[in-house]
Amino acid sequence: MGQFFPDADQFPLEDQIKHLGDDELLDFWEETQYLERMLVEEENSEVEHSLEYERAILQELMLRSCRRTLAGNG
């Protein structure tokens, strides 16, 4: 299960998503996609942040996939 960081500003996004379970991570990704669509519709300048979220989420998913593959071969 994921953990809530009350002082999230002290922890980089990459560190925060490492503590999420797979389902929670995918839920977080889905939420960022939804928020991105809302921001684009509003022509908000914060859209660039969604690319950071997506990059970090995809990187974490790739790392987890590699770990599972290595664990399965070991």
Side-chain angles (χ1 to χ4, degrees):
M1 178 172 268
Q3 298 175 353
F4 174 71
F5 290 125
D7 297 321
D9 293 338
Q10 295 178 357
F11 300 97
L13 176 65
E14 290 83 1
D15 290 344
Q16 293 181 50
I17 64 174
K18 287 178 185 178
H19 295 283
L20 297 176
D22 290 347
D23 290 339
E24 294 168 317
L25 186 57
L26 292 172
D27 287 344
F28 179 64
W29 176 77
E30 185 178 8
E31 290 172 14
T32 61
Q33 296 298 304
Y34 174 77
L35 290 173
E36 179 181 7
R37 284 192 299 272
M38 298 287 289
L39 292 172
V40 166
E41 289 175 6
E42 294 177 5
E43 297 179 17
N44 194 316
S45 63
E46 294 181 22
V47 173
E48 61 202 38
H49 295 296
S50 66
L51 296 175
E52 174 69 15
Y53 293 134
E54 188 165 355
R55 182 201 57 78
I57 292 167
L58 291 174
Q59 182 178 11
E60 180 65 23
L61 289 171
M62 287 188 293
L63 286 171
R64 291 178 187 194
S65 176
C66 289
R67 287 184 194 131
R68 287 186 186 117
T69 300
L70 290 173
N73 292 333

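Please read these numbers as outputs of a predicted model, since none were measured by experiment.
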| Passes side-chain hydrogen bond (donor to acceptor under 3.5 Å, both in side chains), R37 versus Q33? Steps please. | CA-CA 6 Å; R37 284 192 299 272; Q33 296 298 304; 5.2 Å; no

Separation between [atom1] of [X] and [atom2] of [Y], rounded to the nearest 0.5 Å:
{"X": "T69", "Y": "R64", "atom1": "OG1", "atom2": "CZ", "result": "14.0 Å"}
{"X": "L13", "Y": "Q59", "atom1": "CG", "atom2": "CD", "result": "10.0 Å"}
{"X": "S65", "Y": "L58", "atom1": "OG", "atom2": "CG", "result": "12.0 Å"}

| query | Passes side chain to side chain contact (heavy atoms under 4.5 Å, CB included), E60 versus E14? Steps please. | reply | CA-CA 8 Å; E60 180 65 23; E14 290 83 1; over 6 Å; no

| task | Please identify each residue that fulfils side chain to side chain contact (heavy atoms under 4.5 Å, CB included) with D23, with sequence neighbours left out. | result |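 Expected list: none.
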
| query | Sequence neighbours excluded, which residues qualify as side chain to side chain contact (heavy atoms under 4.5 Å, CB included) partners of L26? | reply |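 L26 satisfies side chain to side chain contact (heavy atoms under 4.5 Å, CB included) with L61 only.
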
| Heavy-atom closest contact (E54 atom, W29 atom, distance) |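 It is CG-NE1, 4.0 Å.
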
| request: Would you list the pairs meeting salt bridge (Lys or Arg N to Asp or Glu O under 4.0 Å) in which at least one residue belongs to residues 25-35, sequence neighbours left out? | output: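 For residues 25-35: none.
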
